[in-house]
Number of protein chains: 4
Amino acid sequence: MIVTVDPGSTVPPYDQIREQLTTMIQAGVLAAGVRLPSIRQLAADLGLAPNTVARSYRELESAGLIITRVGRGTTVSRLPTLPAAERQRLLRAAAESYLATAARLGSTVDEAIAALRSGA
Amino acid sequence: MIVTVDPGSTVPPYDQIREQLTTMIQAGVLAAGVRLPSIRQLAADLGLAPNTVARSYRELESAGLIITRVGRGTTVSRLPTLPAAERQRLLRAAAESYLATAARLGSTVDEAIAALRSGA
Amino acid sequence: MIVTVDPGSTVPPYDQIREQLTTMIQAGVLAAGVRLPSIRQLAADLGLAPNTVARSYRELESAGLIITRVGRGTTVSRLPTLPAAERQRLLRAAAESYLATAARLGSTVDEAIAALRSGA
Amino acid sequence: MIVTVDPGSTVPPYDQIREQLTTMIQAGVLAAGVRLPSIRQLAADLGLAPNTVARSYRELESAGLIITRVGRGTTVSRLPTLPAAERQRLLRAAAESYLATAARLGSTVDEAIAALRSGA
DNA sequence: GTGGTCTAGACCACG
DNA sequence: GTGGTCTAGACCACA
């Protein structure tokens with residue numbers, strides 16, 4: 001699954017989808033020209049109404065990140081990806097956020113790392 | 001700093017504060033009887049209006065997690081903490097979320113772990 | 001009625017609404033701070049589903065032309081209006097388009113002008 | 001030029017061409033038997049691909065408004081034209097639409113009429 | 001099959 | 001009351 005949605009979050013599903021796809025496209029993980037799953041397909045996979053996914057795609061399109069053509073699906077547009085330094089900065093930020101959460105749960109750094117390995 | 005706020009997030013600051021304190025209290029990291037920083041102190045530390053922090057405290061109080069008594073400040077209530085299994089489950093969930101973000105940034109598990117160590 | 005929708009047009013209603021409001025705001029006919037009709041009210045007036053009007057408003061908001069606050073309605077944002085020269089240019093363009101349509105219907109300029117007066 | 005196309009419009013060019021020719025034929029401005037410009041000629045005049053104009057002609061032909069015969073070009077069919085009352089109704093509709101646009105631009109009826117004269 | 005639009009109605013949060 | 005979101009389903013145009 002290319003994207004995941006947490007139904008318990010206060011962040012609306014269409015926003016979660018948009019944010020995750022934005023990250024992947026800007027990081028170059030989804031390269032220019034790659035075809036995204038169809039609206040109906042992704043909606044079915046996530047258990048959402050097609051309209052919800054359509055809204056995410058529509059906003060990505062108006063942001064210039066993807067190109068949609070009726071009858072031909074949706075592809076990632078040709079845009080410069082984030083430089084490696086910026087990707088590294090974002091990874092650091094995510095790491096800090098994870099460590100902060102772990103600390104709030106009373107875990108040490110080693111336990112936090114172990115949780116990563118066990119989940120892999 | 002006991003708590004951090006991301007001003008760029010769409011999640012309102014009072015929600016971020018409430019969530020983080022809730023986690024720490026339920027996990028037992030903030031033990032019963034521990035005194036929280038004053039509203040004005042925490043607001044000053046975070047660069048927020050006192051009203052914002054007050055709202056977080058108010059919601060935590062109505063949830064029974066903290067007790068505010070005039071003249072004695074705000075302390076953590078005497079409530080059962082989450083069992084270890086539940087804490088472990090939450091840590092796993094946070095780990096998975098972090099790994100997913102790292103993957104969206106094009107990072108491997110090893111790179112994700114390295115980012116934890118370098119940030120520590 | 002502040003805006004009209006032609007259901008027979010191939011231009012979708014949400015686009016018609018957005019375009020008309022955009023013109024009025026940029027021309028300064030709807031001044032900064034003016035309150036727009038509520039989504040439900042305008043939808044009822046136009047015989048549309050509230051979602052349709054909501055989509056127009058959402059796009060106007062993301063374009064920075066209006067400000068919506070839940071529970072408090074929608075107002076025109078404080079933006080520079082088009083200079084008089086540009087408004088005049090747009091009026092000329094509309095006039096030419098009307099004359100072209102009239103000519104296609106076999107009408108003279110005088111008949112086109114007479115139609116304006118009789119409709120007034 | 002018999003027909004004009006607005007490249008900035010969301011209405012596809014072939015639709016704009018079809019609509020304008022339809023109006024002129026139904027109004028009798030283009031009388032039965034009149035020869036239309038060739039597809040290539042009109043495409044060149046409008047700066048469009050011949051395929052685009054061809055599509056407009058094809059749709060007009062299937063609607064019975066024009067007749068294409070190889071070697072003899074394209075001519076307007078022998079069809080009853082709109083009665084005068086209907087032409088008048090369409091002119092009124094166009095006038096109202098123009099006045100509405102002018103009003104959205106902050107113009108009075110007199111200014112709208114003046115714009116017609118200055119453009120003529 | 002694809003995406004685009006619209007409807008009718010639901011529930012939520014805010015004020 | 002306000003807007004925000006989502007659903008379930010419809011019809012359309014395009015390929």
Side-chain angles (χ1 to χ4, degrees), chain A residues 5-19 21 35-62 65-77, chain B residues 10-15 18 51-52 55 58-59 62, chain C residues 5-19 21 35-62 65-77, chain D residues 10-15 18 51-52 55 58-59 62:
Chain A
V5 162
D6 173 10
S9 167
T10 62
V11 179
Y14 82 89
D15 246 354
Q16 296 184 41
I17 297 169
R18 185 179 49 71
E19 282 171 8
L21 290 177
R35 176 145 175 209
L36 293 181
S38 79
I39 288 178
R40 288 169 170 90
Q41 182 62 49
L42 186 52
D45 289 351
L46 297 173
L48 298 172
N51 256 341
T52 303
V53 177
R55 178 166 179 182
S56 304
Y57 277 26
R58 194 190 316 142
E59 296 190 352
L60 287 166
E61 161 124 66
S62 79
L65 290 173
I66 65 177
I67 298 172
T68 70
R69 273 169 300 186
V70 184
R72 305 217 291 169
T74 303
T75 56
V76 176
S77 60
Chain B
T10 61
V11 179
Y14 72 83
D15 248 355
R18 183 180 47 70
N51 262 342
T52 304
R55 176 163 181 182
R58 197 185 327 132
E59 296 186 357
S62 75
Chain C
V5 163
D6 173 10
S9 167
T10 61
V11 179
Y14 81 90
D15 246 355
Q16 297 184 40
I17 296 169
R18 185 181 48 71
E19 284 172 6
L21 290 178
R35 177 147 176 209
L36 293 182
S38 80
I39 289 178
R40 287 169 170 90
Q41 182 61 51
L42 185 53
D45 289 351
L46 296 175
L48 297 172
N51 257 341
T52 304
V53 175
R55 179 165 177 185
S56 304
Y57 277 25
R58 195 190 315 139
E59 297 191 351
L60 286 166
E61 161 123 67
S62 78
L65 289 173
I66 65 178
I67 297 171
T68 70
R69 274 169 298 187
V70 184
R72 304 216 292 169
T74 304
T75 55
V76 176
S77 60
Chain D
T10 61
V11 179
Y14 71 83
D15 249 356
R18 183 180 46 70
N51 263 342
T52 303
R55 176 163 181 182
R58 196 187 326 130
E59 296 187 354
S62 76

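Reckoned from all heavy atoms, side chains included, excluding hydrogens, waters and symmetry mates. Every chain is numbered from 1 and lettered A, B, ... according to where its sequence line falls, protein lines coming before strand lines. Source: prediction; values computed, not measured.
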*asked:* Please pick, from F/dT2, E/dG4, F/dT7, the nucleotide with the shortest atom-to-atom distance to any side-chain atom of A/Asn51.
replied: F/dT7
*Does C/Gln16 reach the main-chain N or O of C/Val11 with its side chain, forming a donor-acceptor pair under 3.5 Å?*
yes
*Scan every strand shown for a Watson-Crick or G-U wobble partner of F/dC11, both distances under 3.5 Å, and answer none if you come up empty.*
E/dG4
_Below 4.0 Å: OP1/OP2 of F/dG4 and any side-chain N or O of C/Thr68_ = yes
*Does any donor-acceptor pair link the side chain of C/Arg40 with the base of F/dG1 at a separation under 3.5 Å?*
no
*Calculate the interatomic distance between C/Leu36 atom CG and F/dG3 atom C1'; express it in whole Å.*
13 Å
*Compare side-chain N and O positions of A/Thr52 against OP1 and OP2 of F/dT7 and report whether any pair is under 4.0 Å apart.*
yes
_Return whichever of C/Arg35 or A/Pro50 has its heavy-atom-nearest nucleotide of DNA chain F closer to the 5' end._
C/Arg35
*Are C/Thr74 and F/dG3 close enough that a side-chain N or O sits under 4.0 Å from OP1 or OP2?*
yes
*Candidate nucleotides E/dT2, F/dC6, E/dT5, ranked by approach to the side chain of C/Arg55 - the nearest*: E/dT5
*Report the distance from atom CD1 of C/Ile39 to atom P of E/dA8, rounded to the nearest whole Å.*
17 Å
*How long is the line joining CD of A/Gln41 and P of E/dT2, in whole Å?*
8 Å
_With heavy-atom distances below 4.5 Å as the criterion, would you say the side chains of C/Arg72 and C/Arg35 are in contact?_
no
*Using whole Å, report how far CD of C/Gln16 lies from C1' of E/dT5.*
13 Å
*Output yes when a side-chain donor or acceptor of A/Ser56 lies under 3.5 Å from a complementary backbone atom of A/Tyr14, and no otherwise.*
yes
*Output the single nucleotide from E/dG4, F/dC6, F/dG4 whose closest atom is nearest the side chain of A/Pro13.*
F/dC6
*Across the strands shown, which category fits C/Tyr57 at heavy-atom distances under 4.0 angstrom: base, sugar-phosphate, nothing?*
nothing
*Return the value, rounded to whole Å, for the distance between atom CG of A/Leu60 and atom P of E/dG4.*
12 Å
*asked:* Expressed as a whole number of angstroms, how long is the span from C/Glu59:CD to F/dG3:P?
replied: 17 Å
*When you match D/Pro12 and C/Arg69 each to their closest nucleotide on DNA chain F, which lands nearer the 5' end?*
C/Arg69
*Do any side-chain nitrogens or oxygens of A/Ser38 fall under 4.0 Å of OP1 or OP2 in E/dG1?*
no
*In whole angstroms, how far is the C1' atom of F/dT7 from the CG atom of A/Leu48?*
10 Å
*asked:* Is it the case that the side chain of B/Ser62 and the backbone of B/Glu59 share a donor-acceptor pair, with hydrogens and angles ignored and the cut-off at 3.5 Å?
replied: yes
*State whether C/Tyr14 places a side-chain N or O below 4.0 Å from either non-bridging phosphate oxygen (OP1 or OP2) of E/dT7.*
no
*How close or far is atom C1' of F/dT5 from atom CG of A/Leu46, stated in whole angstroms?*
16 Å
*Look only at the side chain of A/Ser77 and the backbone of A/Ile67, and say whether a donor-acceptor pair between them is shorter than 3.5 Å.*
no
_Is the shortest side-chain heavy-atom distance between A/Ile66 and A/Leu36 below 4.5 Å?_
yes
*asked:* Counting only side-chain heavy atoms from C-beta out, which of E/dG4, E/dT7, F/dT7 sits nearest to A/Ala49?
replied: F/dT7
